[in-house]
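Report on one structure; see the data block that follows.
Fair warning: this is a prediction, and the values are worked out from it, not measured in the lab.
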Amino acid sequence: MKNSIVVIVLVFLLSCQSNQKKKNDLDKVDSVSLTINQLADSLLNARHNHIQTDILSRHISNLETSNAYDIQFKMLERERQSGAKLVGWKLGGTATADSTKYNPSLGYILDNNLVSNKGSIPVNQFPGGSVVVEAEIGFVLKNDIRNPVSSTEELITYIDYVVGVSEIAQSTAIPGSETPLHINYVVASGMGHVAAIKGNVNLPVSGFDFKNETAKCYINDELVAEGVSSNIFGSPIGVLYDTLNMLVETGQYPKSGDMIITGSLYKNPVLNATANIRIEFSNLGTISFKSF
């Protein structure tokens with residue numbers, strides 16, 4: 001009888017250890033999943049409420065690029081589940097004079113990010129109270145791109161037209177008290193997109209001068225910035241080639257009708273108050289809007 005009791009106790013203890021191991025393994029799997037989900041939900045809350053957060057810099061000291069995109073794409077998944085429509089992609093890290101610092105990164109553009117030309121944007125949508133006003137070259141695709149392209153010449157065959165775009169941007173990610181702001185925190189938060197304003201001049205890609213398109217930005221009729229498309233790491237078509245291939249490799253392939261914007265032509269002026277803004281391109285027309 002005594003031996004029987006010992007056997008029963010051992011069986012019970014082994015069972016508990018087995019159940020505990022399964023529970024710990026499950027917790028480990030769930031914790032990874034929940035971390036991405038929780039971060040995405042927190043960042044989406046900041047994005048939707050136009051506020052800035054240091055949640056990433058406080059909790060993740062070294063966020064890998066692949067994990068940053070995992071978080072961003074989880075945000076995108078949530079947005080689409082809520083009814084938002086993906087209409088394009090934005091590139092960042094492109095306007096730099098130092099080629100060693102060229103670090104292209106991308107974020108998504110939704111239909112609810114679009115503002116009409118001559119439209120308006122409320123100041124209370126500026127995360128942290130300010131935004132930068134960018135002048136960008138936009139490319140609208142006529143075909144899906146499901147596989148990496150082999151050259152810029154091949155890429156051009158996928159482009160429907162070129163258009164001027166103004167992006168109004170400010171990251172919701174900010175540094176923590178002891179952690180500097182890393183580009184991957186910005187990537188994870190969706191690249192700081194506030195609005196995109198598409199111009200009304202569409203040009204064929206054939207014959208477009210990728211290096212010499214210019215843009216001037218006026219705020220309340222004062223010229224505050226100007227630049228040329230060669231500032232976008234030599235040419236926006238080269239940047240588009242690099243980053244679209246990167247996008248395809250993530251599995252988030254660009255589709256027909258998507259608009260890809262490729263970085264600003266000038267050093268971006270800051271906007272933090274009500275104003276009238278006008279961007280004049282040399283060939284892509286004029287974009288104007290108001291902040292109120």
Using the side-chain hydrogen bond (donor to acceptor under 3.5 Å, both in side chains) rule, take Glu79 and His48 through it: C-alpha gap first, then chi angles, then the decisive distance, then the call.
-> CA-CA 10 Å; Glu79 297 271 30; His48 290 165; 3.1 Å; yes
Is a side-chain N or O of Asn245 found less than 3.5 angstrom from the main chain of Asp242, in a donor-acceptor match?
-> no
Please lay out, stage by stage, how Met75 and Arg78 fare under the test side-chain contact (heavy atoms from CB on, under 4.5 Å).
-> CA-CA 5 Å; Met75 290 172 60; Arg78 293 275 202 272; 5.6 Å; no
Looking at CD1 of Ile71 and OG of Ser66, how far apart are the two atoms once the value is rounded to the nearest 0.5 Å?
-> 9.5 Å
Leu155 vs Leu244 side-chain heavy atoms within contact, under 4.5 Å | yes
Any donor-acceptor pair under 3.5 Å from Ser57 side chain to Asp54 backbone = yes
Check step by step if side-chain contact (heavy atoms from CB on, under 4.5 Å) holds for Tyr241 and Ser150.
-> CA-CA 9 Å; Tyr241 169 78; Ser150 60; 5.6 Å; no
Are the side chains of Pro127 and Thr172 in touch, meaning some heavy atoms are under 4.5 Å apart?
-> yes
Do the side chains of Met191 and Tyr185 join up, straight or via other hydrophobic residues, at under 4.5 Å, putting them in one cluster?
-> yes
Would you please test Val87 and Tyr108 for side-chain contact (heavy atoms from CB on, under 4.5 Å) and show each step?
-> CA-CA 8 Å; Val87 296; Tyr108 57 82; over 6 Å; no
Side chain proximity check, Tyr161 to Val205, heavy atoms < 4.5 angstrom | no
Main-chain N/O of Glu136 paired to Ser264 side chain as donor or acceptor, under 3.5 Å | no
For Asp144 against Ser256, the heavy-atom pair lying closest together = OD1-N, 2.7 Å
Do Glu213 and Ser282 pass the side-chain hydrogen bond (donor to acceptor under 3.5 Å, both in side chains) test, and can you show the C-alpha distance, the side-chain angles, and the key distance before you say yes or no?
-> CA-CA 6 Å; Glu213 183 70 11; Ser282 52; 3.2 Å; yes
Going through the checks in order, is the side-chain hydrogen bond (donor to acceptor under 3.5 Å, both in side chains) test met by Thr65 and Asn184?
-> CA-CA 6 Å; Thr65 300; Asn184 284 342; 3.2 Å; yes
For Leu141 and Pro254 the tightest heavy-atom approach is CD1-CB, 3.6 Å
For Gln170 and Phe126, run side-chain contact (heavy atoms from CB on, under 4.5 Å): C-alpha distance rounded to whole Å, both residues' side-chain angles, the deciding distance at 0.1 Å, then the answer.
-> CA-CA 7 Å; Gln170 182 60 276; Phe126 297 176; over 6 Å; no
Could you tell me the separation between the CD1 atom of Ile279 and the CD1 atom of Ile219, rounded to the nearest 0.5 Å?
-> 8.5 Å
Flag, side chain of Gln72 to backbone of Leu106, donor-acceptor distance under 3.5 Å | yes
Might you point out which heavy atoms bring Tyr218 and Asp221 nearest each other, and give the distance in Å?
-> CD2-O, 3.8 Å
First locate atom CG of Leu76, then atom CD of Gln252, and finally report the distance between them rounded to the nearest 0.5 Å.
-> 5.5 Å
Any donor-acceptor pair under 3.5 Å linking the side chain of Glu134 with the backbone of Gly263?
-> no
Given side chains that start at C-beta, do those of Phe208 and Leu284 come closer than 4.5 Å, heavy atoms only?
-> yes
Hey, quick one: are Ile287 and Val132 part of the same hydrophobic cluster, counting side-chain heavy atoms closer than 4.5 Å, chains of contacts allowed?
-> no
Residue pair Val165 / Gly138: nearest heavy atoms and the distance that separates them = CG2-CA, 4.1 Å
Give the minimum heavy-atom separation between Met259 and Lys198, together with the two atoms involved.
-> SD-CD, 4.0 Å
State, yes or no, whether a side-chain contact exists between Thr53 and Leu43 at a heavy-atom distance under 4.5 Å.
-> yes
Under 3.5 Å: donor-acceptor pair, side chain of Asn212, backbone of Ser229 = no
Hey, are the side chains of Phe289 and Ile168 touching, using non-hydrogen atoms and a 4.5 Å cut-off?
-> yes
Thr262 side chain to Ile137 backbone, donor-acceptor under 3.5 Å | yes
When you look at Lys74 and Asp41, which way does the salt bridge (charged side-chain N to carboxylate O under 4.0 Å, His left out) test go after all the steps?
-> CA-CA 9 Å; Lys74 179 60 68 173; Asp41 289 342; over 6 Å; no
Can you check whether Gly199's main-chain N or O pairs, donor with acceptor, with Asn117's side chain at less than 3.5 Å?
-> no
Interatomic distance, NZ@Lys211 vs CG@Asn231, rounded to 0.5 Å, equals 12.5 Å
Find the distance between CG (Leu91) and CG (Leu240) and round it off to the nearest 0.5 Å.
-> 6.5 Å
Would you kindly confirm whether Leu110 and Tyr69 end up in one hydrophobic cluster when ILVMFWY residues are joined by side chain heavy atoms under 4.5 Å apart?
-> yes
Phe210 and Phe139 aromatic ring geometry - parallel, tilted or perpendicular at 30°/60° bounds | tilted
Hey, does Ile145 have a side-chain heavy atom less than 4.5 Å from the side chain of Val248?
-> yes
Would you say Leu44 and Leu63 are hydrophobically clustered, going by side-chain heavy atoms of ILVMFWY under 4.5 Å?
-> yes
Treating Ile, Leu, Val, Met, Phe, Trp and Tyr as nodes and any side-chain heavy-atom pair under 4.5 angstrom as an edge, say whether Ile237 and Val149 lie in one connected cluster.
-> yes
Verify, without hydrogens or angle tests, whether Glu226 (side chain) and Tyr266 (backbone) share a donor-acceptor contact under 3.5 angstrom.
-> no
Closest heavy-atom contact between Lys90 and Ala169?
-> NZ-CB, 4.4 Å
Is there a side-chain contact between Val224 and Val133, using heavy atoms and a 4.5 Å cut-off?
-> no
Say you draw a straight line from CD1 of Ile277 to SG of Cys217; how long is it, rounded to the nearest 0.5 Å?
-> 7.5 Å
Give a yes or no on whether the backbone of Ala273 and the side-chain of Ser291 come within a donor-acceptor separation of less than 3.5 Å.
-> yes
